[in-house]
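First comes the structure, then the notes that go with it.
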Amino acid sequence: MKVEREKKYLVDEKLFQNLRKKAIYKLGVIQWYLEKCIFIKEEKCRIRYTIDSQGRENWVVAFKSPLFGDYKRLEEEYEVKLEDLSILKEKPVIAKIRYFLLMEKTEVIVDEFIELDYPLKVKYLAEIETDEDFKKFEEMFSLSKAVKDFEEYTNKNLARVSKFSPEEIIRKVQTML
């Protein structure tokens, strides 16, 4: 289990285009949210599928706590083998292309959310995960619109149930990547 310290930022189209040019790595990401997990322990969890531009795929199950203290939350992650995608049908899902701007001790990313068959609340969202002062990285990447309500902009709360099958969503992300 690790402790994450992160802050999220609203990003407009112009800033997104600028940040995307600075990306050092990109990843397709799909996250499904289950009320009762079938892996590790039976509680709420997130199942994340990722694919990079070389076609390397990965499945991870995660358990996250609500935000506490100074932008912190607990996170537990486990790699899993997911062969039966039917467990993901009719579960809230969010799909995105994640652009990494920094991947060192501090991680700075910007997400471009992919429209499925429901309206998106937000198109672009940046995140800084660090143990250092956020201000340094906010200035470095012109991030000034920190979200006031962190929980409102978590992927879990942005996700909706889609009529698309998990396989269709995966193909869509692979195509966009």
Side-chain angles (χ1 to χ4, degrees), residues 4-34 45-62 64 67 71 73 75 77 82 85 88 91-104 106-130 134 136-177:
E4 291 182 333
R5 183 173 174 267
E6 60 188 7
K7 215 168 163 183
K8 294 181 182 280
Y9 304 83
L10 296 173
V11 174
D12 64 23
E13 181 73 32
K14 184 179 177 186
L15 180 56
F16 168 74
Q17 295 301 337
N18 188 21
L19 293 174
R20 187 172 74 162
K21 291 175 193 168
K22 297 177 181 179
I24 54 175
Y25 183 68
K26 71 179 181 177
L27 193 65
V29 179
I30 307 169
Q31 297 178 172
W32 287 269
Y33 295 88
L34 283 67
C45 72
R46 175 196 75 204
I47 296 183
R48 178 175 50 205
Y49 165 84
T50 59
I51 184 166
D52 67 14
S53 51
Q54 272 67 54
R56 290 181 293 244
E57 299 174 297
N58 192 30
W59 289 93
V60 172
V61 63
K64 290 190 171 205
L67 196 67
Y71 300 102
R73 64 183 176 169
E75 180 181 47
E77 287 190 340
L82 193 62
L85 301 185
L88 303 175
K91 302 293 188 240
V93 61
I94 194 84
K96 58 192 174 183
I97 303 297
R98 173 163 280 182
Y99 299 89
F100 290 82
L101 308 174
L102 273 182
M103 296 174 63
E104 299 160 8
T106 291
E107 188 176 278
V108 180
I109 58 97
V110 62
D111 287 334
E112 175 184 18
F113 293 96
I114 297 170
E115 198 163 311
L116 298 174
D117 58 341
Y118 57 81
L120 295 171
K121 178 177 183 158
V122 62
K123 180 73 175 158
Y124 311 111
L125 198 60
E127 186 177 293
I128 299 172
E129 186 176 320
T130 187
F134 288 108
K136 169 182 166 183
F137 302 101
E138 290 169 340
E139 290 170 359
M140 187 182 300
F141 295 104
S142 303
L143 298 171
S144 59
K145 297 179 186 171
V147 300
K148 301 275 188 255
D149 183 355
F150 183 91
E151 288 297 323
E152 181 181 351
Y153 289 94
T154 60
N155 289 297
K156 178 180 183 267
N157 287 331
L158 295 174
R160 299 287 177 265
V161 173
S162 172
K163 293 177 187 146
F164 295 143
S165 72
E167 294 85 358
E168 289 173 303
I169 298 169
I170 288 170
R171 278 193 300 280
K172 186 170 182 127
V173 168
Q174 289 171 337
T175 301
M176 288 192 67
L177 190 61

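The figures that follow rest on heavy atoms only: side chains count, while hydrogens, waters and symmetry mates do not.
Within the 3.5 Å criterion, the main-chain N or O of S53 finds no donor-acceptor partner in the side chain of R56.
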Between I51 and I170, does a side chain to side chain contact (heavy atoms under 4.5 Å, CB included) hold up when you go through it step by step? CA-CA 9 Å; I51 184 166; I170 288 170; over 6 Å; no
Using the rule given for side chain to side chain contact (heavy atoms under 4.5 Å, CB included), can you reason through L88 versus L34, listing the C-alpha separation, both sets of side-chain angles and the distance that settles it, and then say yes or no? CA-CA 8 Å; L88 303 175; L34 283 67; 4.1 Å; yes
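Taking each heavy atom of V29 and R98 in turn, the nearest pair found is CG2-CB, 4.1 Å. The two residues V93 and S162 have their closest heavy-atom pair at CG1-CB, 3.8 Å. Taking all atoms of both residues into account, the shortest heavy-atom contact from V173 to G28 is CG1-CA, 3.6 Å. A159 and Y118 get closest at one heavy-atom pair: CA-OH, 4.3 Å. The nearest pair of heavy atoms linking L158 to Y153 is CD1-O, 3.9 Å. Of all heavy-atom pairs spanning N155 and K96, the tightest one is ND2-NZ, 2.9 Å.
When side chains are defined from C-beta on, D52 does not count as touching N58, because their heavy atoms never get closer than 4.5 Å. Put simply, the side chain of E138 reaches to within 4.5 Å of the side chain of I128, judged on heavy atoms. Looking at heavy atoms from C-beta onward, D12 lies in side-chain contact with K145 at the 4.5 angstrom threshold. Considering only heavy atoms from C-beta on, L116 stays 4.5 Å or farther from E168 through its side chain. In this structure, the side chains of V110 and R20 stay at 4.5 Å or more apart for every pair of heavy atoms. Looking only at side-chain heavy atoms (C-beta outward), L120 and E115 come within less than 4.5 Å of each other. A 4.5 Å side-chain heavy-atom check between E6 and F150 finds at least one atom pair inside the cut-off. Side-chain contact between I169 and Y49 is absent, with no heavy atoms from C-beta onward closer than 4.5 Å.
Between Q31 atom CD and T50 atom OG1 the span is 9.5 Å, to the nearest 0.5 Å. Taken to the nearest 0.5 Å, the CD1 atom of I109 stands 7.0 Å off from the CD atom of E107. Taking CH2 of W59 as the reference point, atom CG of L85 lies at 5.0 Å (rounded to 0.5 Å). Annotation: the span from T106 atom OG1 to F134 atom CZ amounts to 9.0 Å, rounded to 0.5 Å. Between I114 atom CD1 and E112 atom CD the span is 7.0 Å, to the nearest 0.5 Å. Put simply, CD on E127 and CG on L101 are 11.5 Å apart, with the number rounded to the nearest 0.5 Å.
Remark: the R171 side chain and the Q174 side chain contain no N/O donor-acceptor pair separated by less than 3.5 Å.
Salt bridge status for R46 with E77: present, with a side-chain N to carboxylate O gap under 4.0 Å.
K22 NZ: more than 12 foreign heavy atoms inside a 6.0 Å radius.
Exactly one of F16, Y9, Y99 qualifies for a ring pair (Phe, Tyr, Trp, His ring centres under 6.0 Å) with Y124. That residue is F16. Just one residue in the list V11, V147, T154 forms a side chain to side chain contact (heavy atoms under 4.5 Å, CB included) with L125, and that residue is V147.
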